[in-house]
Amino acid sequence: MITAGIDIGSTTAKGAILKDGHIEAVTVMSTGYDPKGAAETVFQTLLEKAGLDRKDLEAVVSTGYGRKNVGFAGRSVTEITCHAAGARLLSPTAATIVDIGGQDSKVIVLDSTGKVADFTMNDKCAAGTGRFLEVMASALQIDLASLAEFSARADATVAISSVCTVFAESEVISLISKGEKRENIIAGIHAAIGSRIVSMAGRVKARPPYIMTGGVALNRGVVRVLEERFQSDVTVPELAQVNGAVGAALIAADRNG
Amino acid sequence: MATPDEKKIKADKRLREIMTEYYIEAKTPKEQTGKKIAWITSGGPVEPLHAMDVIPIYPENYGAMCGAAKMSTELCEKAEEMGYSSDLCSYARGDIASAAVNGGPIGGLPEPDMLICCNNICGTVLKWYQVLARYFDVPLFVLDTPVCHTGYEKETDIYVRHQIGEYVAFLEAVCGRSFDYDRMDEVGTLSVKAQKLWQKVLDTTVNKPAPMTCFDAFFHLAMIVTLRGTQTAVDYYELLLEEMNDRICKGISKVEPERYRLIWDNLPVWYKMRWFSDKFGAHNAGFVADTYTSGWCGTLPYLDENDFLGSMAESYTRIFLNTGIDHMADNIVKMVEKYDADGVVFHSNRSCKPYSFGQYDIQRIVGEKTGTPCLMIEADMCDERKFSETQVETRIDAFIEML
């Protein structure tokens, strides 16, 4: 059975095609201002990569913030359920998923069968999300992908006390003007994200083994902070960013799901 | 399947008529009605006002009207312009601004002759009513009800009973005549009657499928809040109860088929009532009970019909919001069992601190004791700026997928 999962996030659009439980193709691109167009492009790219035609697909499930904008999907399922499903394939032993995307962060606790037992999301505030990191990277004039590298060189962690992205940005700017090292500020930014995730995790009784998914999982600095705070390994699956799309494709294959 | 017309609750029309008459009388010049007006907090003891023929006006009820009419945010902004913090309760902000600009769907409330403030619902009302007292330059009576974490102490009873006496003396002074104890007995009897009927109306949702949802209860609540102690409220709830029983006989429900039965905690999100109702309804999920509307009949066990005035001390002190977290959690646990609920949705309401503070603990206790899935939604009862539709939508969808 061939199915596809399309995950339209606030920052990136992801897709995956599965054939009998095996990943045939995955793709990631920027969502931009047009989620419908992004969904279409992701789909086309997937089909080309897998060497398939639309008619070869038996079912498509959409997920993510733009899940209702994917006209060609048979149905939409939230990213919470999809991440749990994706983890069943990519990290079958996971008990807790920390998913940090562009505009939200989630902690999803799984039961012994891999289904969602409980979840929590950040409230309507960008602190502790990918957007928070983007804003900070821009304030510090460094590339988003270099944040982890910088924080690894920190010799101290500067406390970022504000819980609001906008205020935290001004706080960072004033720290720069005070002459704080960029490395130490970035370490502080990662620690701030870690604190927010840890308090969310406490609410839903998160437990190891932990995995991390979503775009921010690509930032080793954040992963390291979480490992310290959880006092446990936090595994980042190879396909962490497309975990939700893989889950959507798996759900598409499960007629009862 | 019931037709959309059959699904409509017929008593709605009567409620609108009564509430319209109520506000028309209240806004009629006092020289014509000969009645004084008291503004009173939602949990305040209204019965003595009815006994003295004073028209009670509820700024919180008006706050709900402004919220449902999507007129609150503008009033909140006005209050912020006047210098009030955006963290202040949106009912308080809306009411203070409405008093200044005659805002909201009926162009402001009629001016009060007195203010009755009972802090059994929150501490905000104290400062809010002090602001009103200065603004309108009218006397303010404060009934101070200490928090009852679990039980009810003798000292508390003595303390509150003493204030009930002061309340009577206050009304005599403002109205310029003696308190009518006989009339008070009649009003007390009517209040108990209405509360019992309201509880019966709420109990009808034990039936599967439930003949109404909490979104209906939020609407029909208006009468028990504003007019308990009057024959009008008793007649109305008899009518409503009859209709609910009729709906049960005919198998009419708001959510068809009723797949999930849920419980709502906290005040409604007034400007999004339809949205929530449709959103959950699309998943065949209906709210069969809530902790809010039962607040106006939850202290019936403490009321003594033969000594209504005296027993008001205990019944007004022990309302849901004036109790501890363990008691609040226990209340929800009982509701889950009584209504055979599949899940509990908590509205973490930015405005209402006493209701929202402790919700995470309550959620944990309810989860542990009942094993029922719980969902937390962040919003505000009236201030639309505190609501993020997309985020809430994802949480609701994921919660239902989890069920």
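In what follows, every chain begins at residue 1, and chains take the letters A, B, ... in the order their sequences are listed.
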> Do B:W275 and B:F387 have ring centres separated by under 6.0 Å?
Replying inline: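 Yes, they do, as the ring centres are separated by less than 6.0 Å.
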>> Ring centroids only, cut at 6.0 angstrom: are B:Y91 and B:W128 within range, meaning strictly under it?
In response: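 When the ring centroids of B:Y91 and B:W128 are compared, they turn out to be at least 6.0 Å apart.
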> Residue by residue, which of residues 198-207 of chain A have a heavy atom closer than 4.5 Å to a heavy atom belonging to chain B?
Replying inline: A:R203, A:K205
Between the side chains of [X] and [Y], is a donor N or O closer than 3.5 angstrom to an acceptor N or O?
{"X": "B:Y355", "Y": "B:T291", "value": "yes"}
{"X": "B:S356", "Y": "B:N266", "value": "yes"}
{"X": "A:T12", "Y": "A:K14", "value": "yes"}
{"X": "A:D99", "Y": "A:T213", "value": "yes"}

Under-4.0 Å salt bridge between [X] and [Y]:
{"X": "A:K106", "Y": "A:D104", "answer": "yes"}
{"X": "B:R385", "Y": "B:D380", "answer": "no"}
{"X": "B:R261", "Y": "B:D340", "answer": "no"}
{"X": "B:E378", "Y": "B:R395", "answer": "yes"}

>> Counting only non-hydrogen atoms closer than 4.5 Å, can you tell me which residues of residues 360-376 of chain B sit against chain A?
In response: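 When heavy atoms of chain A are the reference, residues 360-376 of chain B contributes B:Y360, B:R364, B:E368, B:C374, B:L375 within the under-4.5 Å range.
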>> For A:A117, which atoms come within 4.5 Å of any heavy atom of chain B: side chain, backbone, both, or neither?
In response: backbone
